[in-house]
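One structure below.
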Amino acid sequence: MVVGSFTNSDVPDCANPPLLDQLQFIRLRKLLTPAMAQSLESRPTVVDFREESPWVQLAKAHWLNTKVRKAKPDVIKKQLWDPLEAEAFNSRSLLILENLNILEKFLWPTYTEDASNHHVMLIALIVSVKHREHLPIWRESMRRDL
């Protein structure tokens, strides 16, 4: 190989993730960048946690008022991933979901070796949000053997 030039074969496999298409990968990479500026408009308000909020309704239906045993793939994909992707993984929605304890009460307790790629990516997104907000990521109550 000549110094200063490279081909596509020189790029590591992680540059072309097999689990996500390129557009999803670019969106997630931008989201996970620590230098991302947060404006006050992107912060959740009290209004975002009212009963009529779609995220609150989803949380009440699937993890706030019930003991979750298994996450249904259609809930992960159609009710969580697809709306988040449609709004380009909006920080406000991710913060709302974090405040609704999605990681502690839904995503982590229902994670198994057979979890979908969307389930794993949602865990990564919420962990990233917690890290960015300087919140504790793993609580003692979340420890378990896999």
Side-chain angles (χ1 to χ4, degrees), residues 6 8-146:
F6 61 91
N8 284 344
S9 62
D10 298 321
V11 178
D13 289 338
C14 64
N16 295 312
L19 304 178
L20 303 171
D21 66 30
Q22 283 300 110
L23 183 57
Q24 288 175 323
F25 181 71
I26 290 168
R27 286 180 183 161
L28 286 173
R29 189 176 62 198
K30 286 180 182 177
L31 175 70
L32 299 174
T33 302
M36 187 171 110
Q38 292 253 337
S39 66
L40 289 176
E41 298 90 46
S42 69
R43 310 295 298 174
T45 64
V46 174
V47 173
D48 294 314
F49 295 97
R50 292 196 176 145
E51 295 289 324
E52 60 273 3
S53 163
W55 294 124
V56 171
Q57 290 175 2
L58 182 68
K60 284 187 174 188
H62 295 285
W63 68 84
L64 287 183
N65 295 335
T66 62
K67 176 78 173 160
V68 181
R69 301 239 182 255
K70 185 173 182 188
K72 296 177 184 168
D74 64 312
V75 172
I76 296 286
K77 172 77 169 86
K78 294 178 183 168
Q79 295 181 15
L80 284 165
W81 183 268
D82 288 348
L84 286 168
E85 184 179 30
E87 57 186 33
F89 302 98
N90 182 294
S91 295
R92 181 186 208 119
S93 291
L94 291 169
L95 285 167
I96 292 168
L97 288 169
E98 192 286 318
N99 277 282
L100 292 169
N101 296 315
I102 190 170
L103 181 65
E104 298 86 348
K105 295 190 178 228
F106 185 67
L107 294 174
W108 186 245
T110 60
Y111 174 78
T112 64
E113 292 177 359
D114 301 327
S116 70
N117 295 334
H118 293 108
H119 193 135
V120 174
M121 292 307 299
L122 285 168
I123 290 172
L125 283 168
I126 299 300
V127 166
S128 174
V129 167
K130 286 177 160 288
H131 177 72
R132 189 175 59 229
E133 296 294 314
H134 305 288
L135 297 170
I137 296 170
W138 300 113
R139 296 182 181 160
E140 189 65 33
S141 62
M142 292 177 60
R143 290 182 188 254
R144 65 183 178 129
D145 295 326
L146 291 178

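- Atom NZ of Lys130 is surrounded by more than 12 heavy atoms from other residues, nucleotides or ligands within 6.0 Å.
- Atom CD of residue Glu98 and atom CG of residue Leu125 lie 12.5 Å apart, to the nearest 0.5 angstrom.
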### Query
Given the rule in the side-chain contact (heavy atoms from CB on, under 4.5 Å) test, do Lys105 and Leu64 qualify, once you have shown the distances and angles that lead to the verdict?
CA-CA 7 Å; Lys105 295 190 178 228; Leu64 287 183; 4.3 Å; yes
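- Proximity of Phe49 to Leu100: side-chain heavy atoms (C-beta onward) are separated by under 4.5 Å at one or more points.
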### Message
side-chain contact (heavy atoms from CB on, under 4.5 Å) for Arg43 and Leu95? Distances and angles first, verdict last.
### Response
CA-CA 7 Å; Arg43 310 295 298 174; Leu95 285 167; 3.6 Å; yes
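- The distance from the OG1 atom of Thr110 to the NZ atom of Lys72 is 12.0 Å, given to the nearest 0.5 Å.
- Ile123 CD1 to Ile137 CD1: the interatomic distance, rounded to the nearest 0.5 Å, is 12.5 Å.
- By the neighbour-count criterion of 12 heavy atoms within 6.0 Å, atom CD of Glu52 is densely surrounded, having more than that number from other residues, nucleotides or ligands.
- When atom types are taken as modelled, the side chain of Asp48 and the backbone of Thr45 share a donor-acceptor pair closer than 3.5 angstrom.
- Atom CH2 of residue Trp63 and atom CG of residue Leu97 lie 5.5 Å apart, to the nearest 0.5 angstrom.
- Pro109 approaches Leu103 most closely through the heavy-atom pair CD-O, 3.5 Å.
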### Task
Apply the test side-chain contact (heavy atoms from CB on, under 4.5 Å) to residues Val129 and Leu135: give CA-CA distance (whole Å), side-chain angles for both, the deciding distance (0.1 Å), then the verdict.
CA-CA 8 Å; Val129 167; Leu135 297 170; 6.0 Å; no
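- Within the 4.5 Å cutoff, the side chain of Ser116 has no heavy atoms near those of the Lys77 side chain.
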### Message
What verdict does the side-chain contact (heavy atoms from CB on, under 4.5 Å) test give for Phe106 and Val75, after you've listed the backbone C-alpha separation in whole Å, the side-chain angles of each residue and the deciding distance to 0.1 Å?
### Response
CA-CA 11 Å; Phe106 185 67; Val75 172; 4.0 Å; yes
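- Taking 4.0 Å as the cut-off between side-chain N and carboxylate O, Lys60 and Glu51 count as a salt-bridged pair.
- Taking the six-membered ring where tryptophan is involved, the planes of Tyr111 and Trp108 are essentially parallel, since the angle between them stays under 30° and well short of 60°.
- Atoms CD1 and CG, from Ile102 and Leu94 in turn, are 9.0 Å apart once rounded to the nearest 0.5 Å.
- Using a 4.5 Å heavy-atom threshold, the side chains of His119 and Leu122 count as separate.
- Atom CE in Met121 sits 11.0 Å away from atom CD in Glu85 (nearest 0.5 Å).
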